[in-house]
Amino acid sequence: MKVAVFGTRKYDRDSLSSAHKETKGVELTFLDPLLDKTTALLAEGHDAICIFVNDICDAEVLEQLHHHGIKYIALRCAGYNNVDLHTASRLGIKVTRVPSYAPEAVAEFAVGMMLTVVRKYHKSYNRVREGNFLLDGLLGFNLAGKTIGIIGTGKIGLITGRILSRGFGCTVIAYDPYPSAVADVYGLSYVKTLEELLRRSDIVSLHCPLTESTKYIINDETLALTKPGVILINTSRGGLIDSHALIRALKSGHLGAVGLDVYEREAAYFFADSSAKIIHDDVFARLLSFYNVFMSGHQAYLTEEALRNIADTTIQNLQELEATGTCTHLIGA
Ligand code: NAD
């Protein structure tokens, strides 16, 4: 099976090549560009494509891929909000994903992000390097005893809750329309409504997928329910937050601090060096300008363990598709 692997960086190529060494039947072509309607033709001559979170796989792109003979799409991530599954199914293109590669990576990063914005590591790092040892402006608060609200208690939400409850002594409350039977083992207790979670939490951390029903789950109305000074952490998907509403809540001083690993229009900038480019997205630029917003570039997953698991599962998915025409990790099966 010939596979065009879109949007690869060195760490993707290294991990996939290393997983590939022990396997047969899969031939990988590494491509730099992200998949979109202008790059889809690079898939010609391949049986499958492999993509990540910011590749665009909408109806128009899928029609092109179908035209070029693509039968399979292997996502090397868990979320699949960037693929039009309805069109893929209509065209007979099978889509697989890596359902769980290292939930600890994202959970640990989310907790790190909380500490960063609460204790201001990023500010002290810069100050001390410039010989400024003043502590003014670095006042934080203890996580111990605080109430943390986890929205979405899948693999990542549960581990985030466990670290915070068992490690830091926080009260961890959670909301999920499909509650986990083991949440109490992880030290989380469910509230009945999202409203209750938002009203009670000192820190809110997002761990649900981006779907039609979760798009802009954080908006003017839901932000208005939160406590003044609340901390908001998003390591899930940018589209969960209405960025305009977020800016309004930051400008009013309602939000204490915000940690973002994702942004709703991140594809234009993330995973590339834009340091010598003008940022044309004024919403993104405004978010970057707030003293109490800390942003990283979709980095939460990036650990050695996660890359290894992503590569292993992706290659296994492709091999299974090649051998059987179907896959354990087929989406929508
Ligand atoms: P998961 O599928 O195990 O869990 C998601 C949970 O969200 C489920 O329990 C589901 O019931 C719940 N949910 C669905 N709709 C909800 C709603 N309206 N309100 C509250 N909860 C709702 O997923 P996971 O592995 O824990 O990953 C969570 C998300 O993290 C992924 O969807 C992905 O977007 C994101 N992610 C980000 C990175 C990164 O590097 N930043 C890496 C991996 C995953």
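Both counts, for ligands and for their atoms, begin at 1 and track the order of listing. Everything numeric here is computed off the predicted structure, so don't read it as measured data.
Scanning all protein heavy atoms for the shortest distance to atom 4 (O) of ligand 1 gives G154 CA, 3.1 Å. The nearest heavy-atom contact from the protein to atom 28 (C) of ligand 1 is H207 O, 3.3 Å. Remark: minimum distance from atom 3 (O) of ligand 1 to any protein heavy atom is reached at K155 NZ, 2.8 Å. Atom 7 (O) of ligand 1 has its closest protein heavy atom at P209 CD, 3.3 Å.
Note on residues 71-92: pairs passing salt bridge (Lys or Arg N to Asp or Glu O under 4.0 Å), not counting sequence neighbours, are D47-K71, E63-R90.
The residue among G157, A78, G238, S236 with a heavy atom at the shortest distance from atom 31 (C) of ligand 1 is S236. Taking all heavy atoms of Y178, Y80, Y101 into account, the minimum distance to atom 43 (C) of ligand 1 is reached by Y101. By heavy-atom distance, the residue among I151, T235, I156 lying nearest atom 27 (O) of ligand 1 is I156. Atom 12 (C) of ligand 1 has its nearest heavy-atom neighbour, among L302, V106, T211, D176, in D176.
Every atom of ligand 1 with a heavy atom of A300 under 4.0 Å away is listed here by number and element: 39 (C), 40 (O), 41 (N). Taking every heavy atom of T214 and a limit of under 4.0 angstrom, the matching atoms of ligand 1 come to 15 (N), 16 (C), 17 (C), 18 (N).
The hydrophobic clustering, which links ILVMFWY residues whose side-chain heavy atoms are closer than 4.5 Å, places M113 and L250 apart. Under the 4.5 Å side-chain heavy-atom criterion for grouping Ile, Leu, Val, Met, Phe, Trp and Tyr, V53 is connected to L260 within one hydrophobic cluster. No continuous path of ILVMFWY side-chain contacts below 4.5 Å connects M114 to I151, so the two sit in separate hydrophobic clusters.
Residues Y190 and T153 bring a donor and an acceptor atom of their side chains to less than 3.5 Å of each other. Side-chain contact, S275 with D273: a donor N or O sits under 3.5 Å from an acceptor N or O.
Ligand 1 has an N or O atom lying under 3.5 Å from an N or O atom of Y301, backbone or side chain. Between R237 and ligand 1, at least one N/O pair is under 3.5 Å apart.
For the pair P177 and ligand 1, a heavy-atom separation below 4.0 Å is found. Heavy-atom distances between G79 and ligand 1 stay at or above 4.0 Å for every pair.
Within a 6.0 Å sphere centred on CD of E304, heavy atoms belonging to other residues, nucleotides or ligands number 12 at most.
Applying the ring-ring contact (aromatic ring centres under 6.0 Å, His included) rule to F294 yields the partners H122; only residues at least two apart in sequence or on another chain are considered.
With rounding to the nearest 0.5 angstrom, the CG atom of L232 is 11.5 Å from the CG atom of N292. Atom NE2 of residue H46 and atom CE of residue M1 lie 12.0 Å apart, to the nearest 0.5 angstrom.
Under 4.0 angstrom from ligand 1, there are no non-hydrogen atoms of F109.
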